[in-house]
Protein chains: 2
Amino acid sequence: MASIKDVAAEAGLSVATVSRALNGHPSVSEDARRRVSAAVEALGYRPNAVARSLRTDETRTLGLVISDVMNPYFTELARSVEEEARALGYSVIIGNADERPDLQDHHVTTLLDRRIDGLLVSPTDGGSPGMLGAARAGTPMVFVDRWIPGVDVPVVRSDGRAAVRDLVAHLHGLGHRRLAIIAGPAATTTGRERVDAFREALAAYGLELPDAYIGQGDFQAGSGRRVTEGFLDLPVPPEAVFAADNLMALGALDAIRARGLRVPDDIALAAFDDIPWFVHTDPPVTAIAQPTRDLGRAAVRALVDRIAGRPGASVTLPARLVVRRSCGEPGTGRPPSPSPVRRSTP
Amino acid sequence: MASIKDVAAEAGLSVATVSRALNGHPSVSEDARRRVSAAVEALGYRPNAVARSLRTDETRTLGLVISDVMNPYFTELARSVEEEARALGYSVIIGNADERPDLQDHHVTTLLDRRIDGLLVSPTDGGSPGMLGAARAGTPMVFVDRWIPGVDVPVVRSDGRAAVRDLVAHLHGLGHRRLAIIAGPAATTTGRERVDAFREALAAYGLELPDAYIGQGDFQAGSGRRVTEGFLDLPVPPEAVFAADNLMALGALDAIRARGLRVPDDIALAAFDDIPWFVHTDPPVTAIAQPTRDLGRAAVRALVDRIAGRPGASVTLPARLVVRRSCGEPGTGRPPSPSPVRRSTP
DNA sequence: CTGAAAGCGCTTACAG
DNA sequence: CTGAAAGCGCTTACAG
């Protein structure tokens with residue numbers, strides 16, 4: 001591949017002048033500029049970003065470590081991050097932690113070794129060594145969606161508290177009293193917050209959230225299935241299940257369907273995170289929608305601020321409830337089917 | 001950040017010896033090795049991958065340019081690619097072309113500038129200048145899913161021909177005769193092949209595929225919606241619609257629902273690409289499933305072969321039909337008429 | 001406006 | 001087994 005030296009030779013100029021011409025430096029004659037362009041064209045020259053990075057100590061690359069690419073919420077986040085980054089002249093490298101701290105650390109380390117300019121992360125847990133190390137090492141960093149308490153890094157996330165209250169009001173209005181939650185990992189902020197918000201909202205109606213109605217999931221479909229099976233096996237199963245993310249809702253749907261039960265007749269279902277498919281599931285799923293695009297944008301802006309030495313603002317955006325049919329037909333004041341009794345399993 | 005020079009100073013050794021120790025070179029004394037480890041530990045040293053790449057002329061990074069990250073098929077492909085690459089000691093940088101040739105070129109160029117070792121691409125069109133340039137420039141490259149005829153690069157893809165035949169047999173068996181397709185862009189191989197396969201399969205039953213029943217989509221949801229509306233506006237609308245990917249099927253579902261029509265009673269629907277949500281849509285969608293994970297793995301292996309100077313094999317894996325309920329109830333021999341019995345099991 | 005030179009952090013023949 | 005030195009492809013003070 002042609003190097004800047006080849007271009008210099010072809011143009012009959014020094015490497016320094018070619019470099020200046022290439023970078024739009026003002027003090028380059030029109031003539032030199034033209035000769036450089038011609039040489040570049042003739043040789044099909046493309047600057048070597050690796051060499052440039054070594055010299056300038058910046059890669060114009062952002063790292064994004066998310067917990068699960070297969071989760072449409074994170075996919076959309078990643079897309080929005082890439083768009084905003086591109087607009088600002090950055091590339092982004094995505095690392096998929098798959099909800100595993102060890103994999104997360106692997107990606108953080110790899111990214112740091114590649115000298116990315118800044119790191120965007122949605123931590124899988126309360127702080128793996130690699131993560132904490134990165135934060136301490138002073139790499140510009142911002143948390144998106146999830147964060148680690150006590151680590152001094154801007155956080156860009158959405159607050160679902162009000163939406164969860166709306167959801168509980170909705171469920172209560174439909175006559176549901178025994179409400180359960182499929183929680184995310186307690187090691188994550190979102191895992192804890194959604195349970196807390198749910199519990200608080202229930203308390204406002206004098207309702208309890210018994211331990212048996214808190215199922216421990218891991219934000220992935222399989223756990224949603226297992227937890228839901230557990231709920232259905234209870235002597236007194238819940239009337240409504242709130243899945244703390246869309247994948248666990250998918251798992252819940254699997255479990256419910258496998259038992260030959262129907263939503264919302266036999267059991268109501270709601271999910272955190274809204275996705276296009278929820279409009280078309282049987283039945284359409286009531287969900288809490290995050291302003292995902294805005295989150296991605298804000299996160300990149302905060303990170304770029306930090307990279308530039310500016311403070312980098314934390315941002316919290318509200319989530320909102322999207323009512324569909326999976327909790328019962330609105331307006332009836334009661335769950336659709338008169339007797340939400342557990343059916344015998346086929 | 002500590003550099004190798006700092007480590008050398010700390011260990012009381014030359015930079016050369018430190019480098020050798022770090023890279024597991026055999027001719028390093030046990031003593032030197034220990035001192036290097038201690039110094040690395042003390043300084044929290046991590047090798048600078050940028051510098052190493054400049055020197056060794058390899059980045060241990062693969063580029064993956066896909067047409068749409070938001071498409072679950074490509075997300076799964078990306079995930080599988082990253083897993084296999086990681087197992088082989090490579091990182092991967094994903095570029096999202098969003099079905100836009102210009103964006104695709106942007107990513108190809110950026111990736112090449114970063115001197116990735118090899119490029120995996122699912123071309124958005126028949127060959128944008130950047131793509132063709134990359135292929136000519138001799139960067140190790142392999143096509144996944146889609147390819148460009150005439151470009152001498154290994155192709156890893158799945159063949160849906162047999163599955164499409166099975167689908168048509170299924171539709172025909174259910175009594176459907178007026179079959180339509182929402183096609184992908186004619187500029188893509190998959191866009192063309194799926195139409196061709198569909199037409200051929202119809203021909204085997206003496207059925208035609210009139211132009212009015214070929215809707216031009218772009219593999220994204222919006223186009224599925226528009227095309228389906230067009231179909232429904234026809235004086236004689238089709239009895240069954242085959243969407244050439246899952247996103248266009250989503251759009252079709254949107255359009256059908258917006259008209260207050262029902263699947264499969266009013267119109268049957270099938271899709272290319274199977275995704276977990278298809279089990280839970282209303283009704284569950286009959287789809288053609290690709291061996292996505294295997295495709296990703298095979299693509300990485302072929303690419304790594306090329307990087308190593310080996311030939312790099314093209315691979316074609318069969319897709320298979322997964323029958324669900326969106327084309328009608330099997331066994332009735334007719335599209336499920338007036339009162340389709342609601343099943344509780346998939 | 002231009003060029004010679006230093007240097008970014010590594011690796012690797014070459015000598016010893 | 002170890003070290004001095006060259007060099008990967010750039011950018012950028014420093015001189016002119």
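A note on names: the letters A, B, ... follow the listed sequences, proteins ahead of strands, and every chain is numbered from 1.
Distance check on atom C1': dG16(D) versus dT12(D) gives 16 Å, rounded to whole Å.
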(Q) Does E58(A) form a salt bridge (Lys or Arg N to Asp or Glu O under 4.0 Å) with R60(A)? I'd like the steps, not just the answer. (A) CA-CA 6 Å; E58(A) 64 168 30; R60(A) 293 251 119 201; 3.6 Å; yes
**Q.** Derivation of the side-chain hydrogen bond (donor to acceptor under 3.5 Å, both in side chains) call for Y73(A) and D68(A)
**A.** CA-CA 9 Å; Y73(A) 165 70; D68(A) 185 3; over 6 Å; no
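Within 4.0 Å of S19(B), counting heavy atoms only, lies at least one base atom of the nucleic acid. Within the 4.0 angstrom heavy-atom criterion, base atoms lie near V15(A). Here A49(A) lies out of heavy-atom contact (under 4.0 Å) with every strand. Using a 4.0 Å heavy-atom distance criterion, S27(A) is classed as a base contact.
Of the candidates dC10(D), dT2(D), dT2(C), the closest approach to any side-chain atom of V28(A) belongs to dT2(C). Of the candidates dG7(D), dG9(D), dT2(C), dG7(D) carries the atom nearest the R55(B) side chain, counting heavy atoms from C-beta on.
Whole-Å rounding puts the D57(A) CG to dG9(C) C1' distance at 10 Å. Note: CG (L54(A)) to C1' (dC10(D)) measures 8 Å, nearest angstrom. Following rounding to the nearest Å, L13(A) (CG) and dC1(C) (P) show an atom-to-atom distance of 14 Å. Straight-line distance from the CD atom of E30(B) to the C1' atom of dT2(D): 16 Å, rounded to whole Å. One can place CZ of R46(A) at 11 Å from P of dC10(D), the figure rounded to the nearest angstrom. Rounded to whole angstrom, the span from the CG atom of L43(A) across to the P atom of dG9(D) amounts to 14 Å. One can place CZ of R114(B) at 15 Å from C1' of dC10(D), the figure rounded to the nearest angstrom. Per the geometry, CE belonging to M1(A) stands 16 Å off P belonging to dC8(D), to the nearest Å.
In this model, a donor atom of one side chain and an acceptor atom of the other lie less than 3.5 Å apart for R114(A) and S91(B).
Base pairing analysis places dA13(C) opposite nothing; no Watson-Crick or G-U wobble pair with both distances below 3.5 Å involves it.
Within the model, atoms CG of L295(B) and CZ of R157(B) stand 10.0 Å from one another, a figure rounded to the nearest 0.5 Å. Distance check, rounded to the nearest 0.5 Å: CZ of R115(A) to CZ of R46(B) gives 9.0 Å. Here E82(B) contributes atom CD and I94(B) contributes atom CD1; the two are 7.5 Å apart, rounded to the nearest 0.5 Å.
Taking side-chain N and O atoms only, N48(A) has no distance below 4.0 Å to OP1 or OP2 of dC8(D). Taking 4.0 angstrom as the limit, S29(A) places a side-chain polar atom (N or O) nearer than this to OP1 or OP2 of dT2(C).
Scanning atom types as modelled, one donor and one acceptor separated by under 3.5 angstrom connect the side chain of R20(A) and the base of dG3(C).
Toward the 5' end of DNA chain D, the nearer of the two residues D31(B) and A51(B), judged by each one's closest nucleotide, is D31(B). Two residues, V18(A) and S14(B), neighbour DNA chain D, and the one matched to the more 5' nucleotide by heavy-atom proximity is S14(B).
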